[in-house]
Undergrad: 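Submitted below is the structure of interest, expressed as structure tokens.
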Amino acid sequence: MQKVNFKNISSRVSLVIVAAMLAFSMSASAQTEEGGAGDAVAGKTLFNANCAACHKLDKKATGPALRGVAGKYDRDWLYKWIGDSQGLIKSGDALAIEIFEANNKSVMTSFPALSNGDIDNILAYTSEPKPEPVIVAPIDGGGKGQGGGMSNNIILAALAFVFLLLMTMLFLVTSTLKKIASHNGVEYAAKEAKKPLWKAFVENQFLMLVSAVLLLLTAAYFMYGFFMQVGVDQGYAPVQPIHYSHRIHAGDNEIDCNYCHSSARKSKHSGIPSLNVCMNCHKNIAEVSEDVYNEGMDEYGVDYNKEIAKLYDAVGWNTETMGYTGESKPVKWVRIHNLPDFAYFNHSQHVTVAGVACQKCHGPVEEMEIMEQFSPLTMGWCIDCHRETNINVAGNEYYEKIHEELSKKYGVEQLTAAQMGGLECGKCHY
């Protein structure tokens, strides 16, 4: 029987294990060179934080598109380029100089704080295949109901009840006349009882008077309601030539209203922002994120990317050259809030002096996908606000004497805008 040499077997097993480890190491190295190493999820976070301001995955922005960049360049070279691009250019690296000149000599920010592992994660994210676009059928947005108010229904029901009551009374009167004629045998009464209902109604002066008053009151009610709605456009939400979501800009991104409507702080009018204000951000934001895109299509039937393209077309922005073409088009915005010419309103007096928040008059704009007129903007509505809003006189010497005198007159510590003259006709109707 042959003797087994366990020592040789153990040596061979060790060699096999070492060979397997080497093979795994070489495989991992090959994957790294091909862009397969790294955590794509972590890379997405790093990309959004460091790269997304100048780069897109599938479209040229300030810098070139980065999808598949790991397969185009040597990884060690990418480490140097991302860490210190200007240093690599100054060293005379031909590839670095070529890329620098091909992108209008735009200086790329250096990222010395990113480790090779961080860069591997970013490259793993940029190496993911492009997802297929999800086509969602637009959903018809149901408009808000504009049904009649409860008070109108109640009044109409009351009028109908009164009319039925009158008809019932007429019927009872006619029946009584018939009974009288039948009981007394009076020929004249019998003839009266045989009259048609409408003729008996016309000849009854009391019923005619009540009916006339009722019709006049009904006509006056509807005329009053009609004329009181003239010029009141509460709830008006027109379709704009370029869809603009206040919900995303003022809500999700928390952009201050005065950033776009800057003249509201120092002018009578809040102003319509120029397209250059939009381009301050949208030079580098040509597409929204996938989540925002799907939300827009599912909830509102709006393709935000197409709306951004409309902005580019209007302002004359070429996404390929990342420059203006010089050919612009006017955007015919539809005005929403409009006061009559005889009413004076100054935005700066309310926004800067009084410190009134935009939402006080315009409602929760940060929640509005489509901007609408939130308040009625009637004279009564303005007067109510002046009666309720206190004047801030702290630290303002202009108000010291008048506040002291009026406080004694009204017997209050804090004066409202109405008590300071906010109800004088000449304040608004000059």
Undergrad: Under the 3.5 angstrom rule, does the side chain of Asn50 hit a backbone N or O of Leu46 as a donor-acceptor pair?
TA: yes
Undergrad: Taking atom types as modelled and ignoring hydrogens, do the side chains of Ser106 and Asn103 form a donor-acceptor contact shorter than 3.5 angstrom?
TA: no
Undergrad: Taking atom CG of Leu95 as the centre, report whether more than 12 heavy atoms of other residues, nucleotides or ligands fall under 6.0 Å from it.
TA: yes
Undergrad: May I ask you to test the Met297-Val302 pair for a side-chain heavy-atom distance under 4.5 Å?
TA: no
Undergrad: So with a 6.0 Å cut-off around CD of Glu254, is the heavy-atom count from everything else above 12?
TA: no
Undergrad: Quick one: CG on Leu66 to OG1 on Thr126, what's the gap to the nearest 0.5 Å?
TA: 6.5 Å
Undergrad: List the residues meeting side-chain contact (heavy atoms from CB on, under 4.5 Å) with Glu327, not counting sequence neighbours, and say none if there are none.
TA: Thr325
Undergrad: Can you tell if the side chain of Leu415 reaches within under 4.5 Å of the side chain of Ser407, non-hydrogen atoms only?
TA: yes
Undergrad: Looking at Ser127 and Ala70, what are the two nearest heavy atoms and their distance?
TA: OG-CB, 3.6 Å
Undergrad: Are the side chains of Met371 and Met368 in contact, using a 4.5 Å heavy-atom criterion?
TA: yes
Undergrad: With a 3.5 Å distance limit and no angle check, can you tell me whether His347 reaches the backbone of Lys268 through a side-chain donor-acceptor pair?
TA: yes
Undergrad: Could you pull out all residues at least two apart from Lys310 that satisfy salt bridge (Lys or Arg N to Asp or Glu O under 4.0 Å)?
TA: Glu307
Undergrad: Indicate whether any N or O donor in one side chain lies under 3.5 Å from an N or O acceptor in the other, for Gln359 and Glu366.
TA: yes
Undergrad: To the nearest 0.5 angstrom, please state how far the OG atom of Ser267 sits from the CG atom of Asn346.
TA: 7.0 Å
Undergrad: Please check this pair: side chain of His261 against backbone of Gly271, looking for a donor-acceptor N/O pair closer than 3.5 Å.
TA: yes
Undergrad: Do Glu367 and His246 get their side chains close enough for a donor-acceptor pair, meaning under 3.5 Å?
TA: no
Undergrad: In a table with atom names and distances, give each donor-acceptor pair under 3.5 Å that connects a side chain of residues 275-285 to protein atoms at least two apart or in another chain.
TA:
unit_1 : atom_1 : unit_2 : atom_2 : d
Asn280 : ND2    : Tyr259 : OH     : 3.2
His282 : ND1    : Ile285 : O      : 3.0
Asn284 : OD1    : Thr62  : OG1    : 2.8
Asn284 : ND2    : Ala53  : O      : 3.4

Undergrad: Please determine whether the number of non-hydrogen atoms from other residues, nucleotides or ligands lying under 6.0 Å from atom CD of Gln414 exceeds 12.
TA: yes
Undergrad: Is there a side-chain contact between Arg247 and Glu369 (heavy atoms, below 4.5 Å)?
TA: yes
Undergrad: Considering all heavy atoms of both residues, which atom of Ser110 and which atom of Ser85 are nearest to each other, and what is their separation?
TA: OG-N, 3.8 Å
Undergrad: Using side-chain heavy atoms (C-beta onward) and a distance below 4.5 Å, is Phe374 in contact with His362?
TA: no
Undergrad: If the condition is salt bridge (Lys or Arg N to Asp or Glu O under 4.0 Å), which residues does Asp74 pass it with, not counting sequence neighbours?
TA: none
Undergrad: Is the number of heavy atoms from other residues, nucleotides or ligands within 6.0 Å of OH (Tyr410) greater than 12?
TA: yes
Undergrad: Sequence neighbours left out, what pairs pass ring pair (Phe, Tyr, Trp, His ring centres under 6.0 Å) with at least one residue falling in residues 88-130?
TA: Phe47-Tyr125
Undergrad: To the closest 0.5 Å, what do you measure between CH2 (Trp381) and OG (Ser375)?
TA: 4.0 Å
Undergrad: Would you give the length of the straight line joining atom NZ of Lys266 to atom CG of Asn258, rounded to the nearest 0.5 angstrom?
TA: 10.5 Å
Undergrad: Checking the side chain of Asn121 only, and the main-chain atoms of Asp39 only, is there a donor and an acceptor separated by less than 3.5 Å?
TA: yes
Undergrad: Indicate every side-chain donor-acceptor pair of residues 417-430 with a distance under 3.5 Å to a residue at least two apart or in another chain.
TA:
unit_1 : atom_1 : unit_2 : atom_2 : d
Gln419 : OE1    : Thr416 : N      : 3.0
His429 : ND1    : Phe342 : O      : 3.0

Undergrad: Side chains of Tyr293 and Asp291: do they bring a donor and an acceptor to under 3.5 Å?
TA: no
Undergrad: Could you tell me whether a side-chain N or O of Gln373 sits under 3.5 Å from a main-chain N or O of Ala237, the two making a donor and an acceptor?
TA: no
Undergrad: Can a side-chain donor-acceptor contact be found between Trp81 and Asp93 if the only test is distance below 3.5 angstrom?
TA: no
Undergrad: Start with the C-alpha distance between Val292 and Ile248, add both sets of side-chain angles, then the distance that settles side-chain contact (heavy atoms from CB on, under 4.5 Å), and finish with yes or no.
TA: CA-CA 9 Å; Val292 175; Ile248 293 177; 3.9 Å; yes
Undergrad: Taking the side chain as everything from C-beta on, heavy atoms only, tell me whether Val356 gets closer than 4.5 Å to Val351.
TA: no
Undergrad: Is it true that a side-chain atom of Ser263 and a backbone atom of His269 form a donor plus acceptor pair closer than 3.5 Å?
TA: yes
Undergrad: Looking at CG of Leu311 and OH of Tyr244, how far apart are the two atoms once the value is rounded to the nearest 0.5 Å?
TA: 11.0 Å
Undergrad: Are Pro241 and Val331 close enough that some pair of their side-chain heavy atoms sits under 4.5 Å apart?
TA: yes
Undergrad: Give a yes or no answer on whether the side chain of Ser211 reaches the backbone of Met208 with a donor-acceptor pair at less than 3.5 Å.
TA: no
Undergrad: Heavy atoms only: give me the nearest Asp313-Lys329 pair and the separation to one decimal.
TA: OD2-NZ, 3.1 Å
Undergrad: Rounded to the nearest 0.5 Å, how far apart are OG of Ser115 and CG of Asp120?
TA: 8.0 Å
Undergrad: Hey, can you tell me if His243 and Tyr304 have their rings parallel, tilted or perpendicular (30° and 60° cut-offs)?
TA: tilted
Undergrad: Say whether, by atom type as modelled, one donor and one acceptor occur between the side chain of Thr352 and the main chain of Arg265 under 3.5 angstrom.
TA: yes
Undergrad: A side-chain contact here means heavy atoms from C-beta on lying under 4.5 Å apart; do Asp233 and Asn338 qualify?
TA: no
